[in-house]
Amino acid sequence: MKHVLGLRCIACRKEHALRRVPSTCPACGGNLQVVYDYRAIRKRLDRRALARDGDRSLWRYRAALPVGDSCLRPVPQVGWTPLYEAPRLAGSLGLRRLLIKDDGRNPSASFKDRANAVVLARALQLKVKVVTTASTGNAASSLACLAAGLPLQTVIFVPEAAPEAKLAQLLVFGATVLAVRGTYDDAFDLCARAAARYGWYNRSTGINPFTREGKKTGAYELCEQMGWEVPDLVFVPVGDGNIISGMWKGFVELRELGVTERLPRLVAVQAEGSAAVARAVADDGIIRPVSGKTVADSISVSLPRDGQAAVQAVRESGGFAVAVSDAEILAAIPELARGANVFAEPAAAAAWAGLKKAAAAGRAGPRTSAALLVTGSGLKDVASARRSVGAPLRVGPDLESLQRLVRKLRI
Ligand SMILES: Cc1ncc(COP(=O)(O)O)c(C=O)c1O
Ligand SMILES: [Zn+2]
């Protein structure tokens, strides 16, 4: 791991040695991020080397990841998810181009698989016995999915209101699941205390700098699948802010490595009731807690755990933030499904709601190429999806009943 130089605090910029147990900056409590020797990485990662690489997973970017080449890895294939052109949706908003990155197509059906693939490779390297995390649901179900069969245990803290599908995934994959009577924020604090008391490896967002490393591969992939072009705007659903800051790190690194030539502007999309990052971006940059109430459970966060990094990412990119209502989020689910064939969970559909709002405000137009990061599958939360559409038509089990209906429908 000669290419890894250490860790840098995103708040005070102090550098620290890579530590065994992940935690925050000893000097100021800020979140840490991995620092690399990009000259060393450049020798192994360029457009030509990638074109020759037959690996169709996030490990094709292993030269820029903080684990050794020969490290043990979780088995499921993470990454290299589809990137779709969406000309109908682009046309409906008058955009030049719209691309949709469907990360619901990962093994546990969310973007979080990218983070956990890297975190677990690191945990295996360190031979830890127990990995723990707090999660709104997806980070945990992903951890459970990728950890099944590995020589370690997972202990998961989720808010008791997490959607059924996510809880089912956790239990099916064999994690020890603790449903906390409280919010995600309560689960987060309890998990941190448990990790400190029992010496468990804490993968919770913000605390573990390796999650951002896995997430940055979303940016690498997006650009590679665009033939190393970079979109003008990238719309990212934001809760804690770790995905958007990871994506930003990816875009910045690609340019640093000389693989791409420019940077996109990032748009943080939040739910109105959970818009701490959006408020900070519009105001003084300081994160203040909000209620966190929204139908989009994955981005329901009172105090974003990587909020400062998210604000930095949006500001450094020259981007902006958008807050969308629950009604707009629910309406976005069938629009995205019918317009681009992608079934997204509410948090992920928020990206499309955010783009619509940005276009209506004149922030995206006929010269804009935009990309949406669809971070989770609609099958994660069918109850919310059902709220966004009508009921099926009822028909008797005979051809006459059907005939009456067909006539009424004029099919
Ligand atoms: C589907 C989905 N979208 C978006 C997010 C937001 O990511 P972050 O909390 O890193 O901002 C999450 C996080 O749980 C998620 O599961
Ligand atoms: Zn610091």
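As the structure is a prediction and not an experimental result, all values here were calculated from the model. All ligand and atom numbering here is 1-based and tracks the order in the structure.
The ligand atoms of ligand 1 that sit less than 4.0 angstrom from a heavy atom of Glu345 are 1 (C). Residue Asp240 approaches ligand 1 through these ligand atoms, each under 4.0 Å from one of its heavy atoms: 8 (P), 9 (O), 11 (O). Residue Asn242 approaches ligand 1 through these ligand atoms, each under 4.0 Å from one of its heavy atoms: 8 (P), 10 (O), 11 (O). Interface atoms of ligand 1 facing Asn138, defined by a heavy-atom separation under 4.0 Å, are 1 (C), 15 (C), 16 (O). Listed by atom number, the atoms of ligand 1 under 4.0 Å from Gly241 heavy atoms are 8 (P), 9 (O), 10 (O), 11 (O). Numbered from 1 in the order shown, with element, the atoms of ligand 1 that lie under 4.0 Å from a heavy atom of Val238 read 11 (O). Of all atoms in ligand 1, numbered sequentially from 1 with element shown, those under 4.0 Å from a heavy atom of Ile299 are 4 (C), 5 (C), 6 (C). Every atom of ligand 1 with a heavy atom of Thr136 under 4.0 Å away is listed here by number and element: 14 (O).
The shortest heavy-atom contact between Ala309 and Ile10 is N-CD1, 3.5 Å. Nearest heavy atoms, Arg363 versus Ala321: NH1-O, 4.5 Å.
Ring planes of Tyr36 and His3: parallel class, angle under 30° (limits at 30 and 60°).
Looking only at side-chain heavy atoms (C-beta outward), Ile243 and Lys112 come within less than 4.5 Å of each other.
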Steps toward side-chain contact (heavy atoms from CB on, under 4.5 Å) verdict (Val238, Ile299): CA-CA 6 Å; Val238 171; Ile299 50 173; 5.7 Å; no
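Of the N or O atoms in Thr205, none lie within a sub-3.5 Å distance of an N or O in ligand 1.
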